[in-house]
Q: 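Provided herewith is a single structure, encoded as structure tokens, for subsequent inquiry.
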Amino acid sequence: MQEPPLKRRLVIVDDDQFMLTMITAMLGRIGEFDVQGFTDAPAAFRSIRDAAAPPDLVILDINMPEMDGMAFFRQLADIGFRGCVALCSGESDSMLRTSAQLARSYGLRVGGTLPKPPRPDLLRTLLAQCEGERESRRSPANGRERRPEELRDAIEAGDIFCVYQPKIDISSGRLVGVEALARWRHRTDGIVPPAEFIPMAERTGSMPALTRCVFDLALGQLARWREAGIDLIMSVNASVHDLADLSFPDFLNGCAERHRVNPAWVIIEVTESGLTEDERLLVEIVSRLRLRRFQLSIDDFGNGYSTMAKLRDLVFDELKIDQGFTHGAASDERKAAIFHASVQIAKRLGMKIVAEGVEDQADWDFCRINGADVAQGYFMSRPLAPDAMEAWLAAWRLRHGAQFPDGVEASS
Ligand code: C2E
Ligand code: MG
Ligand code: MG
């Protein structure tokens with residue numbers, strides 16, 4: 001067995017020499033790290049690209065003259081960098097968040113953000129988060145990038161399976177449906193989470209095969225549950241690529257017929273997070289303009305290409321509020337504002353509102369008071385293997401039945 005390296009390798013990139021010195025000194029007081037600092041971003045990138053042992057963590061200033069943070073992590077993604085990135089900047093919180101989101105959409109592991117001037121306690125937290133991120137995302141064997149053929153073979157070999165997360169009607173406490181979430185049972189690396197293979201599937205063209213495999217599993221399971229008298233609705237994720245595929249509706253029809261399930265029992269969730277390449281460039285360019293202090297205005301809002309226009313024109317049945325705006329909304333005005341706005345728009349357009357990321361009682365209460373119809377999240381249940389569903393349902397009734405006037409039964 002290989003010994004784990006004793007010291008974490010860190011690269012810090014900041015065009016301000018003073019910041020570099022300061023962060024390096026703070027790190028020295030926190031623990032033993034092998035730190036390399038760069039004021040020149042292109043030089044830092046070349047050093048990471050050419051290193052025999054790439055760094056575990058890159059702490060990156062987002063506003064740098066020659067190569068800003070956005071360009072830096074696009075290039076890190078291009079070389080398949082598998083360490084963590086952390087963004088350090090004096091820019092606004094929303095700018096830091098947008099940059100972190102963009103980095104994630106490139107499949108990078110984002111350990112967190114560090115506002116400037118950096119504080120030792122926040123730096124310590126950031127390092128802990130990066131460790132957590134390393135642990136939670138199992139690295140492929142020998143640190144190599146997974147090959148696209150591996151996923152294709154896994155789909156064919158039946159190594160993809162689904163777990164199911166309950167969706168609860170907030171006013172009655174009833175189980176109304178589940179969301180199917182894909183997992184990959186890797187032959188040597190264990191369970192691989194979707195964050196590690198969905199972006200790759202999208203990049204390398206195996207998304208249609210993956211989606212078809214997941215729908216087949218999920219509708220098969222739905223039929224079994226319905227047969228057992230659990231009348232739930234099955235939600236399945238589809239990517240934007242699937243919706244651009246003209247053979248998709250026929251496939252779905254055939255799949256529903258094969259499993260004898262009514263299409264009205266199936267909700268197709270279209271993932272917004274799957275930023276297309278063009279959208280990523282848009283975010284990169286807009287963020288860069290922002291960094292250079294240009295002001296920006298959304299013209300023709302609700303008309304042109306905005307998400308809202310797509311919603312209005314396409315008539316969705318359900319709007320899911322992202323976990324980022326649900327969990328903690330009770331104590332965060334910005335989250336609450338976005339939550340309220342989403343509820344209002346959905347209500348006006350006649351859509352059902354599902355709040356994702358309900359992690360505790362405070363989130364649940366916030367959703368109930370603020371107009372969400374359905375809740376999904378760890379507070380009720382983590383995603384479950386199919387055979388754990390009945391036991392969970394019994395426990396849920398026991399735990400929460402008394403709160404609701406009619407008890408908590410599965411909907412029919
Ligand atoms: P999603 O569709 O938004 O699914 C919800 C994700 O939030 C799931 O992560 C779920 O485990 C997680 N989650 C649920 N409750 C909570 C909570 O209370 N707090 C927090 N922090 N997280 C919660 P998961 O399973 O890792 O899936 C991640 C994403 O991968 C999904 O997000 C979806 O976009 C994508 N995905 C998963 N399966 C498929 C699939 O079969 N096809 C496609 N196209 N995408 C999929
Ligand atoms: Mg989903
Ligand atoms: Mg979601």
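In listed order, ligands and their atoms are each counted from 1.
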Q: May I ask you to check if ligand 1 and Q376 share an N or O to N or O distance below 3.5 Å?
A: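 Not met; the criterion fails.
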
Q: Only heavy atoms count here, so choose which of T326, I198, L181, D242 is nearest to atom 39 (C) of ligand 1.
A: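 Shortest heavy-atom distance from atom 39 (C) of ligand 1: I198.
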
Q: Within less than 4.0 angstrom of ligand 1, does A195 place any heavy atom?
A: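 Checking ligand 1 against A195, which is what was asked, there is no heavy-atom contact under 4.0 Å.
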
Q: Between E284 and R288, is there a side-chain N and carboxylate O pair less than 4.0 Å apart?
A: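 A salt bridge is present here (some side-chain N lies under 4.0 Å from a carboxylate O).
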
Q: Any salt bridge linking R368 with D365? Criterion: basic side-chain nitrogen under 4.0 Å from a carboxylate oxygen.
A: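 Answer for the salt bridge query: yes.
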
Q: Does some non-hydrogen atom of E356 fall short of 4.0 Å from ligand 1?
A: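 It does, in that a heavy atom of E356 comes within the 4.0 Å cut-off of ligand 1.
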
Q: Answer yes or no for R212 and F215: cation-pi contact, defined as NZ/CZ to six-membered ring centre under 6.0 Å and angle to ring axis within 45°.
A: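 No, R212 does not sit over the ring of F215.
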
Q: Could you pull out the atom name of the N/O/S atom in E179 that is nearest the Mg ion (ligand 2)?
A: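 Result for E179 and the Mg ion (ligand 2): OE2.
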
Q: Verify the distance test for S235 against the Mg ion (ligand 2): any N/O/S atom under 2.8 Å, yes or no.
A: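 No, outside the cut-off.
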
Q: Can you tell which part of V358 has a heavy atom less than 4.0 Å from ligand 1: side chain, backbone, both or neither?
A: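 The part of V358 near ligand 1 is the backbone, not the side chain.
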
Q: Taking the N/O/S atoms of E269 one by one, which is nearest to the Mg ion (ligand 2)?
A: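 Nearest to the Mg ion (ligand 2) within E269's N, O and S set: OE1.
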
Q: Only heavy atoms of V214, strictly under 4.0 Å: list the atoms of ligand 1 that pass.
A: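 Heavy-atom distances to V214 below 4.0 Å select 41 (O).
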
Q: Counting neighbours of CD on Q361 that are heavy atoms of other residues, nucleotides or ligands and sit closer than 6.0 Å, is the number greater than 12?
A: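 Enclosed: over 12 neighbouring heavy atoms sit under 6.0 Å from CD of Q361.
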
Q: Can any side-chain N or O of K320 pair as donor or acceptor with the backbone N or O of E269 at less than 3.5 Å?
A: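 Between the backbone of E269 and the side chain of K320 there is no qualifying donor-acceptor contact (under 3.5 Å).
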
Q: If the cut-off is 4.0 Å to any non-hydrogen atom of G357, which atoms of ligand 1 fall inside it?
A: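 Listed by number with element, the hits are 17 (C), 18 (O), 19 (N).
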
Q: Backbone, side chain, both or neither: what part of M380 comes under 4.0 angstrom of ligand 1, heavy atoms only?
A: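 None of M380 does.
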
Q: Once side chain to side chain contact (heavy atoms under 4.5 Å, CB included) is applied, do any residues pair with S239, and if so which ones, sequence neighbours excluded?
A: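 Per chain and number, S239 pairs via side chain to side chain contact (heavy atoms under 4.5 Å, CB included) with E202, M207, H241, D242.
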
Q: Do we get R97 above F325's six-membered ring, with its NZ or CZ under 6.0 Å from the centre and within 45° of the axis?
A: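 The answer is no, since R97 fails at least one limit relative to F325.
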
Q: Hey, is E202 one of the residues with a heavy atom under 4.0 angstrom from ligand 1?
A: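 Heavy atoms of E202 never come under 4.0 Å of ligand 1.
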
Q: Does E179 have a non-hydrogen atom less than 4.0 Å from ligand 1?
A: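 Contact check E179 vs ligand 1: positive.
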
Q: Just going by heavy-atom distances, which of P166, A201, A182, P194 is nearest to atom 29 (C) of ligand 1?
A: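 Comparing heavy atoms across P166, A201, A182, P194, the nearest one to atom 29 (C) of ligand 1 lies in P194.
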
Q: With sequence neighbours left out, what residues match R183 under salt bridge (charged side-chain N to carboxylate O under 4.0 Å, His left out)?
A: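 Salt bridge (charged side-chain N to carboxylate O under 4.0 Å, His left out) check on R183 returns nothing, list empty.
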
Q: By the definition side-chain hydrogen bond (donor to acceptor under 3.5 Å, both in side chains), identify the one residue from K167, Q165, Q323 that meets it with Q376.
A: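 With Q376 as partner, K167, Q165, Q323 yield a single side-chain hydrogen bond (donor to acceptor under 3.5 Å, both in side chains), made by Q165.
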
Q: Touching ligand 1 at all, P193? Heavy atoms, strictly under 4.0 Å?
A: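 No; P193 lies far enough from ligand 1 that no heavy-atom distance drops under 4.0 Å.
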
Q: Look only at interatomic distance and state if F379 has a nitrogen or oxygen under 3.5 Å from any nitrogen or oxygen of ligand 1.
A: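 F379 vs ligand 1: no N/O contact under 3.5 Å.
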
Q: Output, in order, the C-alpha distance, side-chain angles, deciding distance and verdict of side-chain hydrogen bond (donor to acceptor under 3.5 Å, both in side chains) for R224 and Q221.
A: CA-CA 5 Å; R224 282 191 289 282; Q221 185 57 50; 3.2 Å; yes

Q: Quick check on contacts: which atoms of ligand 1 are under 4.0 angstrom from a heavy atom of M207?
A: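 Taking each heavy atom of M207 in turn, ligand 1 has 43 (C), 44 (N) under 4.0 Å.
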
Q: Give the atoms of ligand 1, by number and element, whose distance to some non-hydrogen atom of E359 is under 4.0 Å.
A: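 Answer, ordered by atom number: 17 (C), 18 (O), 19 (N), 20 (C), 21 (N).
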
Q: I'd like to know if K116 pairs up with D14 as an ion pair, taking the criterion as any Lys NZ or Arg NE/NH1/NH2 lying under 4.0 Å from an Asp or Glu carboxylate oxygen.
A: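 Yes, charged N to carboxylate O under 4.0 Å.
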
